[in-house]
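Any value given below was found using the heavy atoms of this structure, including those in side chains, with hydrogens, waters and symmetry copies removed. Letters A, B, ... mirror the listed sequences (proteins, then strands); counts begin at 1.
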2 protein chains.
Amino acid sequence: MTLRQLRYLLAIVDNGLNITAASEKLYTSQPGVSKQIRLLEEELDLRLFERKGRSLASVTPAGEEVVARARTVLQEIDNIRTLALNTRHEADGTLAIGTTHTQARYVLPEVIARFREHYPNVALELHQGTSEQLADMVEAHQIDFAIATGGQDLFADLVMLPCYRWDRTILVPREHELARLDGPLTIDALARHPLVTYVFSFSGESSLKKAFAAEGLTPDVVFTARDADVIKTYVRMGMGVGIVASMAHDCGDDLVAIDAEGLFPRSTTWIGFRRDTVLRRYMSHFMELFAPHLTDALVQRCLAAADQSGVDAIFRDVDLPLRGGCGQAPADAD
Amino acid sequence: MTLRQLRYLLAIVDNGLNITAASEKLYTSQPGVSKQIRLLEEELDLRLFERKGRSLASVTPAGEEVVARARTVLQEIDNIRTLALNTRHEADGTLAIGTTHTQARYVLPEVIARFREHYPNVALELHQGTSEQLADMVEAHQIDFAIATGGQDLFADLVMLPCYRWDRTILVPREHELARLDGPLTIDALARHPLVTYVFSFSGESSLKKAFAAEGLTPDVVFTARDADVIKTYVRMGMGVGIVASMAHDCGDDLVAIDAEGLFPRSTTWIGFRRDTVLRRYMSHFMELFAPHLTDALVQRCLAAADQSGVDAIFRDVDLPLRGGCGQAPADAD
DNA sequence: CGCGTTTACGTCGTTCGTAACGATA
DNA sequence: TATCGTTACGAACGACGTAAACGCG
């Protein structure tokens, strides 16, 4: 049994049981791949694939188990390589971050600018997607980090570290009646206007609806979008009152922002990564730049935890920063 | 990086950093081992060993991390091999059991006899030792199972499955005054006699002493041994009253047995094995022969648990059998 | 001078890529 | 006939073992 054989095995499985496609991804010849698989099957004396004629039809049940073990083997081999790079303080590589629009547009720019000062030779990839897509991307090793809000249940196999909390902000055009409001904004007042807000891909939306329902109200959501910039555009058009994450409020906006703190439950943004992965040094550092309380030592403690409940326990008495709009740096919540 | 390199690395570490010794264990030449290590260090661009002149002085901190990862890699490779053997229903191999004298002498013979009927081609190795020694032996892969009572804390990295519970039995010579006892035996009565019992290597002894202390008594232990047969010999000599595990009472004995149920806290015997190991089919079967409630499905559930607390939860509502003496099969506790 | 490691070198097995062949849709 | 996998074969590479040199106690 060789690492090469296991690598070939996974490549075949990950390329739809097509040996030719696998061999191309592996930058090697197709007969070589075939032969190594045959050798592996002979050594184990075990059929890994069901064959239909000459081509591979499916992975046998036993094969699935071998595949699973092979994945952890190759992951550990990768980890050894990463360990070596870390101790050498190697400062180049790639950082692939997957996140949502709000983070990418309003929160990350400043973090990434500081990151680049430290690591000019690390190539950055920014991927966007919904929580579900991010979960898949981490699983498929396409991204190193997922940064998202809510939907912790989607990321069952990841370490999820809370980064900061945030409230929602109400956006209205300057001439809107809510812009001239004297007292604090109430949820009843909001319910009397058409609303423009996010299509939440997870439990977020219902938490907003729940806040209305708790008062016996039904919000009049006339328009939803995934993207705060799109929402703002429609608010400017007078289509309704915008409800966006506070981070998405830019002081340069021509819209009037009304703090909605207290009206809706506070949200928490998480950063997540595969538990079984050794992080490159610059990855840990990125996390600390993004959320200063995530020191290297703390991250190590979280990785040592057996599962997410252990991680949650560590953060039980950590005060998370609260993040507002206008490019404001995180401030203390209390 | 090759599996061979990792295997050589571990062999060197496990042979006191002596490359020559390692190469002999590996049935290969010493220069070959040296070269592979050098290649590994070059590929990772990382010093794995501190050198003192030509020979290896110690493992570098980074090297320790690599060693740890390499161990899990080779463990998984082994697991793949085991998986293959299991699906082929291969019925030969080795079963190495580590246990204490009482199990080996009074409980296991019958289990092993039945096991041999099923698996005549599995070589059996029976190792004996204290709980501490057994823990080390499992860790060093010298035994597959440890069967022991108490001392769960010693086996931190193992899956520990409870097998049965047992009480203690009091043994006295036929002519002893306690042999003519009418009513139930009390702890006061015991305290009035010199006692002969086990040297418990773990918390067991104190639990016995505690039972006396709870009544404000101090037991007069005149002789201790690790071995029920030795204890019986000294009881026959009239040296004192014997307190042994119920399993150790043989109906053929010329001693009178008095049930001590209720006098002392009940003990539980466990079977433990490394969590990260795939069990050969005959190993699971052995467990079921030893403790019939440990079905394959249950063992699988326990392996899926993240840690021992998860395993304990599974057994919270499992009724363990109670085991008495005279080669008696386990009977229900209630 | 013995012990253990490294260097040097010839042999052998393995992997690789190319090319030809076979089966399937 | 196009696609995909297997078989065949020569070239290159890499691991192994032996032998000899080197350092250290």
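- B/H285 has its ring centre less than 6.0 Å from the ring centre of B/Y119.
- Residues A/N86 and A/R280 are in side-chain contact: their nearest non-hydrogen atoms beyond the backbone lie under 4.5 Å apart.
- Within residues 55-63 of chain A, the residues having any heavy atom under 4.0 Å from DNA chain D are, by residue number, A/S55.
- Side-chain nitrogen and oxygen atoms of A/T28 include at least one within less than 4.0 Å of the OP1 or OP2 phosphate oxygen of C/dG17.
- Each end of the helix from C/dC1-D/dG25 to C/dA25-D/dT1 gets its own axis, taken as the rotation carrying the C1' atoms of four end pairs onto the next four within a five-pair window, and the two axes meet at 30° to the nearest 10 degrees.
- With sequence neighbours left out, the side-chain contact (heavy atoms from CB on, under 4.5 Å) criterion links B/N15 to B/A11, B/A21, B/A22, B/K25.
- Considering only residues two or more places apart in sequence or on other chains, A/E42 meets the side chain to side chain donor-acceptor pair (under 3.5 Å) condition with A/R38.
- In this structure the side chain of B/I37 never reaches within 4.5 angstrom of the side chain of B/Q5, judged on heavy atoms.
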Quick one, A/L294 with A/I271, criterion side chain to side chain contact (heavy atoms under 4.5 Å, CB included). Give me CA distance, side-chain angles, the key distance, then yes/no. CA-CA 10 Å; A/L294 296 181; A/I271 188 162; 3.9 Å; yes

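- Applying the 4.0 Å criterion to OP1 and OP2 of C/dG4, one finds that B/T20 has every side-chain N and O outside that range.
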Take nucleotides 20-25 of chain C nucleotide by nucleotide from the 5' end and write B, S or -, depending on whether a protein heavy atom sits under 4.0 Å from the base, only from the sugar-phosphate, or from neither. --BSS-

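- The nearest heavy atom of DNA chain C to A/V33 and to B/A21 marks one nucleotide each, and the one closer to the 5' end goes with B/A21.
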Give the table of side-chain donor-acceptor pairs shorter than 3.5 Å for residues 52-65 of chain A, with sequence neighbours excluded, one pair per line with atom names and distance.
residue: A/T60; atom: OG1; partner: A/R47; partner atom: O; Å: 2.8
residue: A/T60; atom: OG1; partner: A/L48; partner atom: O; Å: 3.2
residue: A/T60; atom: OG1; partner: A/G63; partner atom: N; Å: 2.9

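- Using cut-offs of 30° and 60° for the angle between ring planes, the B/F286 and B/F290 rings count as parallel.
- Without hydrogens or angle criteria, B/R69 side chain to A/N79 main chain gives no donor-acceptor distance under 3.5 Å.
- Take B/R116 and apply the side chain to side chain donor-acceptor pair (under 3.5 Å) test, not counting sequence neighbours, and it matches no residue.
- Using a 4.0 Å heavy-atom criterion, one finds that A/L17 contacts the sugar-phosphate atoms exclusively.
- Atoms OH (A/Y27) and C1' (C/dG17) sit 17 Å apart, rounded to a whole Å.
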Taking N or O atoms only and anything under 3.5 Å, show me the protein contacts with nucleotides 13-15 of chain C, one pair per line.
none

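- Under the side chain to side chain donor-acceptor pair (under 3.5 Å) criterion, A/D144 pairs with no residue at all, not counting sequence neighbours.
- Put simply, the residue from B/I19, B/V67, B/L26 that forms a side chain to side chain contact (heavy atoms under 4.5 Å, CB included) with B/I12 is B/I19.
- In terms of the side-chain contact (heavy atoms from CB on, under 4.5 Å) criterion, residue partners of A/T94 (sequence neighbours excluded) are, by chain and number, A/A123, A/E125.
- Side-chain atoms of A/S284 and A/E288 include no donor-acceptor pair closer than 3.5 Å.
- In summary, contact between chain B and DNA chain D, defined as any nucleotide atom under 4.0 Å from a heavy atom of the protein, begins and ends at D/dA15 to D/dG23 in the 5' to 3' direction.
- Residue pairs meeting the salt bridge (charged side-chain N to carboxylate O under 4.0 Å, His left out) criterion with at least one partner in residues 3-17 of chain B, sequence neighbours excluded, are B/D14-B/R71.
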